[in-house]
Amino acid sequence: MKTALHLYNTLTRKKEIFEPLNAPNVGMYVCGPTVYSDVHLGNCRTFISFDLIFRYLKYSGFKVRYVRNITDAGHLEGDRDEGDDKFAKRAKLEQLEPMEIVQKYTLGFHEVLQQFNTLPPSIEPTATGHIIEQIEMVKEIIQNGYAYEVDGTIYFDVEKYNKNYNYTILTNRNLEDMLANTRELGGQDEKRSRLDFALWIKAKPETLMKWASPWGVGFPGWHIECSAMSAKYLGKEFDIHGGGMDLAATHHTNEIAQSEACSHVQPARYWMHTNMLTVNGVRMSKSAGNGFLPRQLFSGDHPLLTKGYSPMTVKFFMLQAHYRSTLDFSNEALDASDKGFKRLMNAIALLEKLVPAVESDFDIETIRLNCVKAMNDDFNSPVVIAELFEAARVINSVYDGKAKISLSELVKLKQLMQDFVFDVFGLMDEDSSNEELNAVLDMVIDIRMLAKENKDYATSDRIRVGLQQMGIKLKDSKEGTNWSKI
């Protein structure tokens with residue numbers, strides 16, 4: 001019998017049974033990228049993690065509306081409403097219109113996620129496409145008494161809100177300590193409190209992206225967009241809200257405050273956060289000089305990399321760590337993942353060559369149930385991978401003639417690999433997609449077989465050794481010769 005799905009809720013800081021508001025329908029909102037530059041690897045980990053969650057919820061029979069926004073307006077350089085608009089700054093730097101910047105980096109973001117074989121969200125709204133909704137939400141918050149205007153800029157009143165609600169419910173921080181540790185910001189003495197944040201910002205004359213509002217020409221704050229778009233597409237209350245853990249303290253905390261101040265209810269029942277990336281034990285960041293862009297990881301064009309790694313190897317590497325755990329990049333770890341991924345794909349390639357027997361030495365249902373149990377335990381992908389390697393061991397044992405498998409168990413084994421390797425994990429066999437390589441190797445193997453039949457063992461060995469030097473291993477058996485990447 002299938003076990004209940006448990007997930008870790010950042011809001012309560014414990015694992016809870018997942019009970020959707022309107023099962024089997026599930027609403028999930030994930031904070032998408034800010035498209036003013038190339039998507040970084042930390043973003044990729046978040047979106048790969050929530051792609052796994054999206055896929056498994058669908059596999060489990062839920063109908064999921066997955067909303068992932070595009071931030072293309074209102075994002076200033078600082079979390080406290082200071083600094084320049086990132087889109088305008090990038091537009092001036094590249095001598096483009098702001099929306100050209102948005103289009104360029106949105107397309108780049110989609111291209112990267114396609115390489116990782118992630119599913120597109122059900123809806124992908126943009127901040128600029130929902131200015132009206134954001135203005136209406138700000139008006140509602142003002143009417144409820146939790147925001148105030150100062151010369152065309154609307155600020156959220158954190159201390160007033162905190163009298164009726166818990167502003168730090170997501171992080172469990174102390175509000176007085178936050179006030180004491182928040183630095184003074186020049187030019188922002190117009191705020192009633194240093195923790196207050198902008199819902200709508202008055203535009204300067206040189207501001208490129210601006211819209212008319214009841215308070216004058218301006219643009220929305222960063223946080224209001226997600227509150228407005230999640231409410232529009234998922235309702236005032238929905239099931240899952242996710243993103244990177246770096247969003248919890250400010251962005252997600254302010255989202256909760258805005259939504260409660262507007263509609264008087266918590267927006268999401270379950271808050272989920274992915275953990276950070278490190279490189280050789282040091283947190284990945286631009287300032288540390290150890291940040292990778294996905295294309296650098298694929299090409300190996302980075303001082304800290306000894307070679308490039310394929311998108312599926314990188315994805316497999318990420319799935320080998322739980323989404324809530326720190327993920328440490330190193331050449332050694334990536335090399336191990338590369339070998340492990342190829343070993344798994346090589347085993348799957350042998351499935352169609354297995355000859356079923358009358359009896360079976362294996363119970364595939366036990367492996368499948370272990371995979372389900374692991375995924376139901378807060379999407380524990382590392383445990384699932386261990387079970388999939390057990391399935392690979394079964395395949396190799398049968399292929400080598402060391403064990404038997406019945407037809408019914410073989411059918412289950414094929415379905416297991418399809419379900420978890422391809423459907424739930426979203427992995428792809430990158431070699432199988434290269435039809436030209438497969439055709440060439442088949443021809444070379446045929447030439448080698450002909451040489452062996454003619455007792456031309458020198459040619460046969462030369463082909464085998466040559467392929468091995470190129471990273472391709474041949475394996476002879478009574479059914480024929482198969483190849484795999486080393």
Side-chain angles (χ1 to χ4, degrees), residues 5-11 15-16 18 20 25-35 39-60 62-71 106 109-126 170 225-226 229-230 233-234 238-248 251-252 255 267-277 294 311-312 314-327 374-382 384-385 420 422-427:
L5 173 60
H6 289 74
L7 55 82
Y8 183 84
N9 191 350
T10 308
L11 196 66
K15 288 183 184 178
E16 298 178 356
F18 180 57
N25 298 312
V26 173
M28 181 170 75
Y29 188 93
V30 174
C31 291
T34 306
V35 287
V39 61
H40 59 76
L41 210 56
N43 280 147
C44 291
R45 188 198 185 183
T46 294
F47 303 133
I48 287 171
S49 296
F50 281 97
D51 181 67
L52 172 71
I53 292 167
F54 180 35
R55 286 172 176 272
Y56 187 68
L57 289 173
K58 290 175 63 178
Y59 170 81
S60 300
F62 293 105
K63 182 180 180 182
V64 187
R65 176 176 286 181
Y66 174 19
V67 182
R68 185 185 67 208
N69 75 296
I70 294 288
T71 296
T106 299
F109 166 67
H110 288 153
E111 181 183 344
V112 168
L113 290 196
Q114 285 172 2
Q115 289 180 283
F116 283 123
N117 194 34
T118 64
L119 298 175
S122 313
I123 304 172
E124 192 172 57
T126 63
L170 191 63
E225 64 178 87
C226 288
M229 289 187 284
S230 63
Y233 295 110
L234 299 175
F238 55 95
D239 297 303
I240 298 172
H241 195 312
M245 67 179 297
D246 57 310
L247 298 179
H251 185 51
H252 288 170
E255 274 193 67
R269 303 178 71 197
Y270 304 89
W271 288 80
M272 303 178 67
H273 295 91
T274 56
N275 211 325
M276 65 180 181
L277 303 181
M312 287 300 103
V314 176
K315 184 174 186 178
F316 186 68
F317 171 70
M318 290 186 179
L319 292 171
Q320 286 182 293
H322 191 271
Y323 77 90
R324 285 193 290 111
S325 66
T326 302
L327 180 62
M375 287 301 292
N376 284 347
D377 182 19
D378 197 29
F379 311 101
N380 200 332
S381 57
V384 177
I385 288 176
F420 286 93
F422 302 114
D423 295 344
V424 174
F425 281 0
L427 295 169

Can you tell if the side chain of [X] reaches within under 4.5 Å of the side chain of [Y], non-hydrogen atoms only?
X      : Y      : answer
Ile385 : Phe316 : yes
Met28  : Asp239 : no
Asp51  : Lys315 : yes
Phe379 : Leu5   : yes
Leu57  : Ile240 : yes
Pro33  : Ile70  : yes
Leu11  : Glu16  : no
His252 : Thr10  : no

Hey, is the main chain of Asn275 close enough, under 3.5 Å, to the side chain of Arg45 for a donor-acceptor pair?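 Confirmed, Arg45 side chain pairs with Asn275 backbone.
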Tell me whether the guanidinium CZ or amine NZ of Arg68 lies under 6.0 angstrom from the six-membered ring centre of Phe50 and within 45° of its axis.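 No.
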Are Phe47 and Phe116 an aromatic pair by the rule of ring centers under 6.0 Å?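 Judged by ring-centre distance (under 6.0 Å), Phe47 and Phe116 do not meet the cut-off.
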In this structure, is the centre-to-centre distance between the rings of Tyr233 and Phe238 below 6.0 Å?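 Not close enough - the centres of the two rings lie 6.0 Å or further apart.
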To the nearest 0.5 Å, how far apart are CG in Asn117 and CZ in Phe425?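 Taking CG in Asn117 and CZ in Phe425, the distance rounds to 13.5 Å.
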Would you mind telling me which of Phe18, Tyr56, Phe54 makes a ring pair (Phe, Tyr, Trp, His ring centres under 6.0 Å) with Phe62?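 That would be Phe18; it is the only one of Phe18, Tyr56, Phe54 passing the ring pair (Phe, Tyr, Trp, His ring centres under 6.0 Å) with Phe62.
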Run Asp423 and Lys58 through salt bridge (Lys or Arg N to Asp or Glu O under 4.0 Å) and show every step you take. CA-CA 10 Å; Asp423 295 344; Lys58 290 175 63 178; over 6 Å; no
For atom CZ of Arg324, decide whether the heavy atoms of other residues, nucleotides or ligands shown that lie under 6.0 angstrom number more than 12.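 Check passes, neighbour count above 12.
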